[in-house]
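Please read all numbers here as calculations on a predicted model, not as lab measurements. Counting convention: from 1, in listed order, for ligands and their atoms alike. For this chain, numbers begin at 1 and follow the sequence in order.
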Amino acid sequence: MLAVNGLGHRYGTGKNAHVALEEVSFTVDSGEIVCVVGPSGCGKSTLLRAVSGLLRPTKGASTLWDKEITAVPEELAVVFQDYSRSLLPWLRVAGNVEFPLRNQDLNRVDRKERAAEALAWVGLDGAGEKYPWQLSGGMQQRVAIARALAYRPTLMVMDEPFASVDAQTREDLEDLLRRVRTEHGMTVLLVTHDIDESVYLSDRVVVLSSAPTTVLTTIKVDLPVERNQIATRESERFVHLRGEVARLLRRSSD
Ligand SMILES: Nc1ncnc2c1ncn2[C@@H]1O[C@H](COP(=O)(O)OP(=O)(O)OP(=O)(O)O)[C@@H](O)[C@H]1O
Ligand SMILES: [Mg+2]
């Protein structure tokens with residue numbers, strides 16, 4: 001479904017040039033959850049911005065259903081790392097979640113229902129009438145997640161989406177994402193710096209090197225589809241896989 005082909009990006013020119021991505025290639029199949037992990041500053045956000053059509057890479061390209069991505073595809077939703085800049089401060093929470101739905105073939109009542117459902121999914125039922133700035137950082141991030149879920153994108157691109165929420169909420173959101181993926185046939189590409197999260201959430205983990213950034217390896221997560229925050233994380237296979245990712249990351253940043 002998604003193919004990232006020899007993607008490279010250099011910020012700036014001449015003496016001030018900074019190569020954020022050397023050459024990155026991988027694919028994401030329809031219905032998969034793929035997590036990207038890599039050392040801090042190795043270009044993960046740059047990669048997601050390029051894949052989402054928000055940044056034109058200086059090398060290579062990405063394709064969605066064999067079509068080159070040059071602008072944000074309609075069937076794609078993004079959750080940014082910097083949530084504080086992603087909500088519209090003059091709209092209430094419900095208004096923010098409904099906002100992207102205006103372009104979909106839904107009437108006002110359906111839009112409201114969709115937004116309310118997504119807010120309930122992230123544990124924010126009742127917060128719809130508040131303004132974003134009346135919520136904590138973690139709650140704002142959940143609003144951004146609800147907005148993306150309400151849109152029901154074919155491809156969801158997420159940059160450290162659970163970084164600012166507490167541990168319990170984070171686990172709930174991980175399980176929610178896996179459930180919604182199955183129920184609505186979504187495909188997810190997600191960046192995290194949390195090794196355990198990358199294994200728990202995904203079908204495959206793409207491990208990036210430190211700069212000059214390339215794909216070190218892709219690890220298939222052959223855990224059962226049904227996962228459980230306690231039993232899965234205790235399982236021998238999980239411990240083995242997380243060790244594999246951790247070793248690769250350790251070696252790449254040495
Ligand atoms: N707009 C920009 N102009 C110049 N350099 C940039 C720009 N955005 C990012 N960079 C640089 O490119 C490199 C990769 O940045 P990026 O934000 O993609 O990394 P990251 O892996 O997402 O980092 P983190 O783990 O902190 O989220 C960094 O060295 C960063 O300083
Ligand atoms: Mg980043």
Side-chain angles (χ1 to χ4, degrees), residues 2-26 28 33-62 69-72 76-87 137-138 140-145 147-148 155-165 167 170 173-174 177 188-202 204-219 242 245-254:
L2 175 74
V4 178
N5 297 316
L7 204 77
H9 193 70
R10 195 184 59 239
Y11 288 107
T13 51
K15 252 193 9 222
N16 295 325
H18 176 81
V19 179
L21 293 171
E22 179 66 31
E23 184 170 320
V24 172
S25 301
F26 63 92
V28 180
I33 299 182
V34 171
C35 282
V36 176
V37 294
S40 182
C42 78
K44 302 179 295 295
S45 296
T46 303
L47 169 68
L48 288 198
R49 282 201 290 272
V51 166
S52 310
L54 294 162
L55 171 145
R56 198 171 182 84
T58 49
K59 206 170 75 182
S62 309
I69 298 169
T70 51
V72 183
L76 183 141
V78 191
V79 177
F80 295 103
Q81 184 170 15
D82 186 2
Y83 59 85
S84 62
R85 284 193 291 180
S86 85
L87 300 177
Q140 289 178 33
Q141 180 66 340
R142 280 188 275 156
V143 176
I145 294 166
R147 181 175 59 186
L155 176 63
M156 172 92 103
V157 174
M158 309 176 98
D159 196 354
E160 307 242 10
F162 312 137
S164 56
V165 300
R170 185 179 187 133
L173 290 173
E174 289 168 359
L177 186 67
V188 183
L189 177 64
L190 183 146
V191 160
T192 174
H193 65 257
D194 183 324
I195 295 167
D196 289 50
E197 179 170 270
S198 74
V199 173
Y200 184 79
L201 265 180
S202 72
R204 277 187 304 137
V205 181
V206 174
V207 186
L208 298 181
S209 70
S210 52
T213 307
T214 56
V215 175
L216 280 178
T217 193
T218 300
I219 295 174
R242 78 165 305 282
V245 178
R247 259 191 301 278
L248 281 161
L249 282 176
R250 176 59 63 84
R251 231 184 295 145
S252 93
S253 54
D254 276 350

Asks: Once you round to the nearest 0.5 Å, how far does CG of Leu21 lie from OG1 of Thr46?
Replies: 5.5 Å
Asks: Drop me the distance from Thr214's OG1 to Glu22's CD, to the nearest 0.5 angstrom.
Replies: 8.0 Å
Asks: Whether the side chain of Lys44 engages the backbone of Pro39 through a donor-acceptor N/O pair (distance < 3.5 Å, no angle test) should be reported.
Replies: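 Checked: pair present.
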Asks: Among protein heavy atoms, which lies nearest atom 23 (O) of ligand 1, and at what distance?
Replies: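 Checking every protein heavy atom, the shortest distance to atom 23 (O) of ligand 1 gives Gly41 N, 3.0 Å.
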Asks: Tell me, please, if Ser40 has any N/O/S atom, main chain or side chain, under 2.8 Å from the Mg ion (ligand 2)?
Replies: no
Asks: Heavy-atom distances under 4.0 Å are what count here, so tell me which part of His18 touches ligand 1: side chain, backbone, both or neither.
Replies: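 Looking at His18 and ligand 1, just side chain atoms fall under 4.0 Å.
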Asks: Write out the residue and atom name of the closest protein heavy atom to atom 20 (P) of ligand 1, then the distance separating them to 0.1 Å.
Replies: Lys44 N, 3.5 Å
Asks: Evaluate Glu160 for polar contact with ligand 1, using N/O atom pairs at a separation under 3.5 Å.
Replies: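 Among all N and O atoms of Glu160, none is under 3.5 Å from an N or O of ligand 1.
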Asks: Is the distance between the Mg ion (ligand 2) and the nearest N/O/S atom of Gln81 smaller than 2.8 Å?
Replies: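 Here the distance criterion (N, O or S atom, under 2.8 Å) is met by Gln81, so yes.
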Asks: As an exercise, state the distance from NE2 of His9 to NE2 of His18, rounded to the nearest 0.5 Å.
Replies: 10.0 Å
Asks: If I apply the N/O under 3.5 Å rule, does Ala20 come out as touching ligand 1?
Replies: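 Min N/O separation from ligand 1 is not below 3.5 Å for Ala20.
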Asks: Heavy atoms of the protein only: does one fall short of 4.0 Å from atom 31 (O) of ligand 1?
Replies: no
Asks: Is Leu48 close to Val78 at the side-chain level, that is, under 4.5 Å between some pair of heavy atoms?
Replies: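 Answer no - side chains too far apart.
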Asks: Which residue supplies the protein heavy atom nearest to atom 9 (C) of ligand 1, what is that atom called, and how far is it?
Replies: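 So the nearest neighbour among protein heavy atoms is Tyr11 CE1, 3.4 Å.
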Asks: Around atom 19 (O) of ligand 1, find the nearest protein heavy atom and jot down its residue, atom name and distance.
Replies: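 Nearest protein contact, heavy atoms only, for atom 19 (O) of ligand 1 is Gly43 N, 3.2 Å.
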Asks: Side chain or backbone of Gln81 under 4.0 Å from ligand 1, or both, or neither, by non-hydrogen atoms?
Replies: side chain
Asks: Any chance you could measure Leu190, atom CG, to Leu177, atom CG, to the nearest 0.5 Å?
Replies: 6.5 Å
Asks: Would Gly12 count as a contact residue for ligand 1, given that I'm defining contact as a non-hydrogen atom of the residue lying under 4.0 Å from a ligand atom?
Replies: no
Asks: Determine the sole option in Gln140, Arg147, Gln141 for which the side chain to side chain contact (heavy atoms under 4.5 Å, CB included) test with Ser86 is passed.
Replies: Arg147
Asks: Quiz question for you: does at least one protein heavy atom lie closer than 4.0 Å to atom 28 (C) of ligand 1?
Replies: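 Yes, there is a protein heavy atom closer to it than 4.0 Å.
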Asks: How close does the nearest protein non-hydrogen atom get to atom 26 (O) of ligand 1, and which residue and atom is it?
Replies: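 Ranked first by proximity to atom 26 (O) of ligand 1 is Ser40 OG, 3.4 Å.
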Asks: Tell me: protein heavy atom nearest atom 16 (P) of ligand 1, and distance?
Replies: Thr46 OG1, 3.7 Å
Asks: So how far is it from Thr192 OG1 to Tyr200 OH, rounded to the nearest 0.5 Å?
Replies: 14.0 Å
Asks: Calculate, to the nearest 0.5 Å, the distance between atoms NE2 and OG belonging to His193 and Ser40 respectively.
Replies: 9.0 Å
Asks: Pick from Leu155, Leu189, Ile69: which one makes a side chain to side chain contact (heavy atoms under 4.5 Å, CB included) with Leu76?
Replies: Leu155
Asks: Give the residue, atom name and distance (to 0.1 Å) of the protein heavy atom nearest atom 17 (O) of ligand 1.
Replies: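 Answer, as residue, atom name and distance: Ser45 CB, 3.7 Å.
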